[in-house]
A.B. asks: 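Have a look at this one before I ask anything.
Every number for a ligand or one of its atoms is a count from 1 in the order of the listing. Keep in mind that what you see is a predicted model, and the values were worked out from it rather than measured.
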Amino acid sequence: MRYFIGNWKMFGVPKSINILNKINSFHSKDKNRKKYRVIITPPYTLIETFANYFKNKSISIGSQNCYQKEQFSSNTAAISPFMIKSVGAKYTLVGHSDNRSEGDTNEMLKNKVQFALKNNLRVIFCIGENKKDKKNKKTFSVLQNQISKVLKKKFNINNIIVAYEPIWSIGTGKIPSKSELEKTIIHIKKVLKKLFKKKNFTVLYGGSVDGNNVQMFKEIHEIDGFLIGGASKSSKKFIDIIKNYYR
Ligand code: 13P
């Protein structure tokens, strides 16, 4: 199974559902539709409307983050996994670099993953090195650390998707070379294998994915799909990624 996940970040108002409608009608008619899933993570304000609207359709809705407590608390503006699940989301991102840079620690991320899973949300756990880590050849150890500090053996890894997003690639148009990326994805799978004693994991790539470069990513068989930012805000660009992937 492949995944095409669109992360809208701070984008969208109710009428932006038009974008998803176009993606949904493409997906529902696509001859390859059984080979992949489409998930969109809109901002919190749109989760309920979108999840209701797409309830019996091809697209699934996820959240971009969740709070580190399970249900209710006195933290202003916090939204828990329980609340996200209650409005129809099936997934949540955890650990996006935008949130790590705003202060999400490994301990917080561990709680987020734990409570999201407990509330039957599937987790898309984001990891990635920054420019300095890459320059200092620390990528592998940074990724290993990000995984082992957050994902605990007792977590149900079947409900966790790992998204590798090098920070230096997000929104920059810069992407890793094929051989570099292939080695990194294999490394991530190795780390997961050691931790969970299992064979198959879902590991996605994210960072400046578009309709032109997706063919290169396709050649790396270990990549199970994509976490797409900028290009997910346009139905045409998002559909082009899927079309070119299966061309
Ligand atoms: P871009 O596709 O805009 O580089 O964003 C990637 C991302 O951060 C998705 O979560």
A.B. asks: With distance as the sole criterion, is a donor-acceptor pair present between the side chains of N244 and K218 under 3.5 Å?
C.D. replies: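 Side chains of N244 and K218: no pair found under 3.5 Å.
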A.B. asks: Give every residue pair that meets the ring-ring contact (aromatic ring centres under 6.0 Å, His included) criterion with at least one member in residues 99-122, sequence neighbours excluded.
C.D. replies: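 Listed once each, the pairs would be none.
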A.B. asks: Between ligand 1 and E165, is the shortest N or O to N or O distance under 3.5 Å?
C.D. replies: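 Right, the criterion is met.
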A.B. asks: Any atoms of ligand 1 less than 4.0 Å from a non-hydrogen atom of G230? List them with their elements.
C.D. replies: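 Listed by number with element: 1 (P), 2 (O), 3 (O).
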A.B. asks: For the residue pair Y245 and F226, is the inter-centroid distance of their aromatic rings smaller than 6.0 Å?
C.D. replies: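 That pair passes the under 6.0 Å test.
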A.B. asks: Under 4.0 angstrom from ligand 1, any heavy atom of G206?
C.D. replies: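 No heavy atom of G206 comes that close to ligand 1.
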A.B. asks: Once side chain to side chain donor-acceptor pair (under 3.5 Å) is applied, what residue pairs with a partner in residues 181-195 remain, sequence neighbours excluded?
C.D. replies: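 Residue pairs with at least one partner in residues 181-195: K189-D224.
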A.B. asks: Considering heavy atoms of the protein only, find what lies nearest to atom 2 (O) of ligand 1 and give residue, atom and distance to 0.1 Å.
C.D. replies: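 Result for atom 2 (O) of ligand 1: G229 N, 2.9 Å.
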A.B. asks: Should the proximity of I170 to ligand 1, defined as any heavy atom under 4.0 Å, be assigned to the side chain, the backbone, both, or neither?
C.D. replies: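 Answer for I170: both.
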A.B. asks: Non-hydrogen atoms of A231 versus ligand 1: any pair closer than 4.0 Å?
C.D. replies: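 No, A231 has no heavy atoms under 4.0 Å from ligand 1.
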A.B. asks: Check this for me - ligand 1, G171, N or O atoms closer than 3.5 angstrom, yes or no?
C.D. replies: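 Indeed, backbone or side chain, G171 has an N or O that close.
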A.B. asks: Assess the pair Y36 and Y246: is the distance between their ring centroids shorter than 6.0 Å?
C.D. replies: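 Between Y246 and Y36, which both carry aromatic rings, the centre distance is below 6.0 Å.
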A.B. asks: Against heavy atoms of H96, which atoms of ligand 1 measure under 4.0 Å?
C.D. replies: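 Matching atoms, with element in brackets: 7 (C), 8 (O), 9 (C), 10 (O).
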A.B. asks: Ring centres of F155 and F196 under 6.0 Å apart?
C.D. replies: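 Aromatic pair excluded; centres sit 6.0 Å or further apart.
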